[in-house]
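Read through the structure below, which is laid out as structure tokens, and then see the notes.
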Number of protein chains: 2
Amino acid sequence: MSKKAGAPRTRNRWGEGERLRGEILAAASRLLSGLDGEDGLTIRGVARAADIAPASIYQHFTDRAALVAGLTDYEFARLHTAMMAARDRVDTGDAAGRVRAMLHASCRFAMDNPGHYRLMTAGGPPRTGQTGPLAEVIDLLVDGFAHCEADGIALRVSARRAAVIAFVGAHGRVVLFQNSAKHADMDSVTSFVDEFLSLVFA
Amino acid sequence: MSKKAGAPRTRNRWGEGERLRGEILAAASRLLSGLDGEDGLTIRGVARAADIAPASIYQHFTDRAALVAGLTDYEFARLHTAMMAARDRVDTGDAAGRVRAMLHASCRFAMDNPGHYRLMTAGGPPRTGQTGPLAEVIDLLVDGFAHCEADGIALRVSARRAAVIAFVGAHGRVVLFQNSAKHADMDSVTSFVDEFLSLVFA
DNA sequence: ACAGTTACCAAACAAGTGTTCGGAGACTTA
DNA sequence: TAAGTCTCCGAACACTTGTTTGGTAACTGT
């Protein structure tokens, strides 16, 4: 943990420059899990967590803002893969079940990583438009609902609308009511999501 | 604006100690509207906005945390009154319209005050439980939906469930998709809310 | 062996932070 | 008039922050 003690840190070799970038993001992500929240997300804090010098970060990120932006993408990628993984664990024939699995996975992610989630939704105008990482996540749900319709499951609104409603509802629930207990409330969230889905399906 | 120039600030008189507290909160609220977001919410920044000395804040708030907590309550009170005002502008006979008005008002509040809204939802465990300012806002909607049921308007879920779903959905929409344009997108948000409500009503 | 490139870091800089302390001015009471 | 109280402020303390500069060690190609 300490920089003075510990092993003399295997320095990155020639041509491995990109490696530290990943380590920095991982360390920042780890840091965001701490109790400090996003306040602890400082250059020096990240450097401390990654066990490197603060100056080293500037070789991979021009700014603190660039670091935060990079971390946001990093977290959205994590969410994206978590949702796809959950979807792929459900049989292809069960289109509704696949959507359900994706929503549950996204809720689990939000509950397990409240700090990360706040960071993701904090992104300014340029990141939350029609394109961007959030849109990719939504598109995942749109595809899911579209498959439902293709399989003859009627929706009360369009697939895109349903995707936005479901995602927004599921995560609004998590963000607004992030109580003390984290895993204990997971059941109430999933049941909330299920009730939500029952409203969307005809 | 400046402390050096400007009028020599009418100092609070004897016995008017509580007045400055309100001025501080108002200044902090104003500050939160700026582009800095919640980062600009510093003791010194608030003092500058209120045109007082930083030290003066400590007579009304023990901590920076206490200031933030006080501001959170202040903003929730603003949201609460805005929703009630919107509701009371609709005829008592139109129960569904009154709910709709409250939701629209809350969305407008969230869109007009994204910074404030982030602060409100950032509150830790002790503030977002079964009681607290958020619960009071939700209860407002529960009452609204309950009146709908009393007036023979069927719901597809319980009044409490409907309130949480509607509030969470409306605000999730705002928080997740707070694009560049603020007022321009108000129409799309209200239509989203309306579609949302059509799902809740049987 | 030599220069060249890459990857990292120690140290410092200027700026801003929360907070405390000893007053100073305005008012009330006597 | 003099003491007492309330309300506010100037100045300082001890920190932390983002960022830059000038290196040094490891490795490459020649």
Side-chain angles (χ1 to χ4, degrees), chain A residues 1-28 31-32 34-72 119, chain B residues 1-28 31-32 34-72 119:
Chain A
M1 285 295 179
S2 170
K3 204 189 300 184
K4 300 281 184 182
R9 177 177 171 69
T10 59
R11 205 190 176 103
N12 272 358
R13 292 186 231 289
W14 190 95
E16 280 188 329
E18 285 297 297
R19 202 184 72 181
L20 189 59
R21 194 192 140 93
E23 284 183 17
I24 290 170
L25 288 175
L31 200 62
L32 214 53
L35 301 122
D36 333 325
E38 48 197 318
D39 296 337
L41 203 65
T42 69
I43 293 278
R44 295 173 122 99
V46 171
R48 226 172 294 137
D51 197 19
I52 60 174
S56 305
I57 290 180
Y58 287 87
Q59 220 154 27
H60 302 274
F61 303 93
T62 63
D63 260 324
R64 192 194 101 101
L67 209 199
V68 172
L71 183 58
T72 304
L119 181 78
Chain B
M1 284 296 177
S2 167
K3 205 189 295 184
K4 302 279 184 181
R9 176 177 173 69
T10 59
R11 205 193 176 102
N12 272 359
R13 290 187 233 288
W14 191 97
E16 279 189 329
E18 286 297 298
R19 201 184 73 181
L20 189 59
R21 193 191 140 94
E23 285 184 17
I24 289 171
L25 288 176
L31 199 64
L32 215 51
L35 300 123
D36 333 324
E38 48 198 319
D39 296 337
L41 202 65
T42 68
I43 292 278
R44 295 173 121 99
V46 171
R48 227 172 293 137
D51 197 19
I52 60 173
S56 304
I57 291 182
Y58 287 88
Q59 219 153 29
H60 303 274
F61 303 93
T62 63
D63 260 325
R64 192 194 102 102
L67 211 198
V68 172
L71 183 60
T72 303
L119 181 79

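In what follows, chains are A, B, ... by sequence order, proteins preceding strands, each numbered from 1.
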Take atom CG of B:Leu41 and atom C1' of C:dT17, then tell me their distance rounded to the nearest Å.
-> 13 Å

Contact check, residues 57-64 of chain A vs DNA chain C, heavy-atom distance under 4.0 Å, returns A:Gln59, A:His60

Options C:dC8, D:dC8, D:dC9, nucleotide nearest the side-chain atoms of B:Ile52 | D:dC9

Would you give the length of the straight line joining atom NE2 of B:His60 to atom CZ of B:Arg19, rounded to the nearest 0.5 angstrom?
-> 10.5 Å

For the pair made of CD in A:Glu23 and P in C:dA7, what is the distance, rounded to whole Å?
-> 13 Å

Between D:dA12 (P) and B:Ile43 (CD1): distance, integer Å | 21 Å

If every non-hydrogen atom of A:Ala50 is compared with every non-hydrogen atom of A:Glu23, which pair is closest and at what distance?
-> CB-O, 4.5 Å

Measure from the side chain of B:Ala55, starting at C-beta and using heavy atoms only, and say which of D:dT20, C:dT20, D:dC8 lies closest.
-> C:dT20

Determine the contact category for A:Thr42: base if any of its heavy atoms lies under 4.0 Å from a base atom, sugar-phosphate if only primed atoms, P, OP1 or OP2 are that close, otherwise nothing.
-> sugar-phosphate

Side chain B:Arg21, main chain B:Phe61, donor-acceptor under 3.5 Å | no

Below 4.0 Å: OP1/OP2 of C:dC8 and any side-chain N or O of A:Arg21 | no

Would you say the side chain of B:Val46 lies within less than 4.5 Å of the side chain of B:Leu71, judging by non-hydrogen atoms?
-> no

Distance-only donor-acceptor test, B:Arg44 side-chain atoms vs C:dG16 base atoms, 3.5 Å = no

Any side-chain heavy-atom pair from A:Leu25 and A:Leu67 closer than 4.5 angstrom?
-> yes

Could you tell me which non-hydrogen atom of B:Ile57 sits nearest to which non-hydrogen atom of B:Ala47, and how far apart they are?
-> CD1-N, 3.8 Å

